[in-house]
Amino acid sequence: MDFEKLTPLMRKLALEAGDKIMEIYNSDDFEVKSKSDDSPVTIADEAADASISAGLRAAFPDVTLITEEQADSHSLSADTFLIVDPLDGTKEFINRRGDFTVNIAFVENGVPTRGVVYAPAKDRLFITGADGQSYEEVGPFAKDTIGTLNKISVSKPDNAGLLIVASKSHRDQATEDYINKYNVKDSKSAGSSLKFCLVATGEADLYPRVGRTMEWDTAAGHAVLSGAGGHVVRFDNHEPLTYGKEDYANPFFIAYAPGVDLKTA
């Protein structure tokens with residue numbers, strides 16, 4: 001893979017998708033439909049998906065593309081592929097809470113190695129560079145010119161007082177029970193893949209997910225966190241979370257900064 005070509009393209013496509021999403025987000029009203037699994041989908045999801053998919057297929061026609069909004073792609077099988085969630089955090093979008101993201105990632109041999117996470121309502125953009133290091137770009141964001149990139153890295157956690165981030169829409173008792181195994185200094189909620197990015201920047205030490213996710217929900221954030229020195233492991237056995245699984249469904253997982261004394265379930 002030509003990362004010097006891939007990285008700026010993923011960034012540009014994410015920004016363009018963000019423009020489409022915000023145009024709809026700021027409109028007076030938009031239709032909300034239900035998919036076969038009863039999860040919500042809007043015209044913003046579909047418009048962003050069409051734009052990103054067209055751009056990736058034009059540039060990398062021979063690379064398998066998996067995207068949430070194209071069900072036909074979910075039956076494809078590959079170890080190395082591009083994977084897209086054009087609007088992660090649809091519930092946050094519908095409720096106009098701002099915690100939604102555009103996610104594009106490249107997975108190599110089951111490992112997310114490059115990714116971009118763009119939160120258009122929050123003006124935050126996180127990207128894994130061609131060098132494999134993760135950065136947060138300082139806005140405003142020009143489509144064809146990359147701005148100031150600040151290198152990001154995970155915290156040096158203090159197990160006597162950890163900073164925890166958990167899901168805003170899916171924070172249940174099982175999540176609380178697990179968090180209570182730790183000495184917690186502060187606990188916050190956030191939507192979408194932003195939780196990975198908060199660990200990547202050192203704004204949180206630990207993000208446990210005790211609930212259903214799909215690989216397109218996590219791959220870009222996983223890549224950003226890895227490029228900042230963090231890890232993502234399965235909840236049950238603490239082995240690395242891998243990609244290209246059957247039906248692209250994830251087990252429960254934990255994203256964290258090295259140094260956190262991980263607790264068992």
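Counting from 1, the numbers follow the sequence of the chain as shown.
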**Q.** D19 vs K143, salt bridge (Lys or Arg N to Asp or Glu O under 4.0 Å): CA-CA, chis, key distance, verdict
**A.** CA-CA 11 Å; D19 285 350; K143 301 293 190 301; 2.7 Å; yes
(Q) Between K245 and D247, does the salt bridge (Lys or Arg N to Asp or Glu O under 4.0 Å) criterion hold? Intermediate values first, please. (A) CA-CA 6 Å; K245 301 180 290 296; D247 76 8; over 6 Å; no
Q: Please test F126 against F196 for ring-ring contact (aromatic ring centres under 6.0 Å, His included), starting from the C-alpha separation and ending with a verdict.
A: CA-CA 10 Å; F126 306 89; F196 289 99; over 10 Å; no
Q: List the steps and the verdict of salt bridge (Lys or Arg N to Asp or Glu O under 4.0 Å) for D99 and R97.
A: CA-CA 6 Å; D99 278 15; R97 288 198 290 246; over 6 Å; no
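Y243 and T218 are linked by a side-chain donor-acceptor pair at a separation below 3.5 angstrom, with hydrogens and angles left out of the test. With 3.5 Å as the limit, one finds a donor-acceptor pair spanning the side chains of D177 and Q173. For the residue pair E203 and T201, a side-chain donor N or O sits within less than 3.5 Å of a side-chain acceptor on the partner.
I83 and V102 sit in two unconnected hydrophobic clusters of ILVMFWY residues. Membership requires side-chain heavy atoms under 4.5 Å apart, directly or through other members.
To the nearest 0.5 Å, atom CG of residue D131 and atom CZ of residue R114 are 7.5 Å apart. The structure places CG of D88 at 4.0 Å from OG1 of T101, a figure rounded to the nearest 0.5 Å. With rounding to the nearest 0.5 Å, the separation of CG in L163 from CG in D158 is 9.0 Å.
The shortest distance between side-chain heavy atoms of L262 and Y182 falls below 4.5 Å.
The backbone N or O of D79 lies less than 3.5 Å from no partner atom in the side chain of N109, so there is not a single donor-acceptor pair. Between the side chain of S226 and the main chain of A223, no donor-acceptor pair closer than 3.5 Å is present.
Using a 30° and 60° split on the angle between ring planes, H74 and W216 fall in the parallel class, below 30°.
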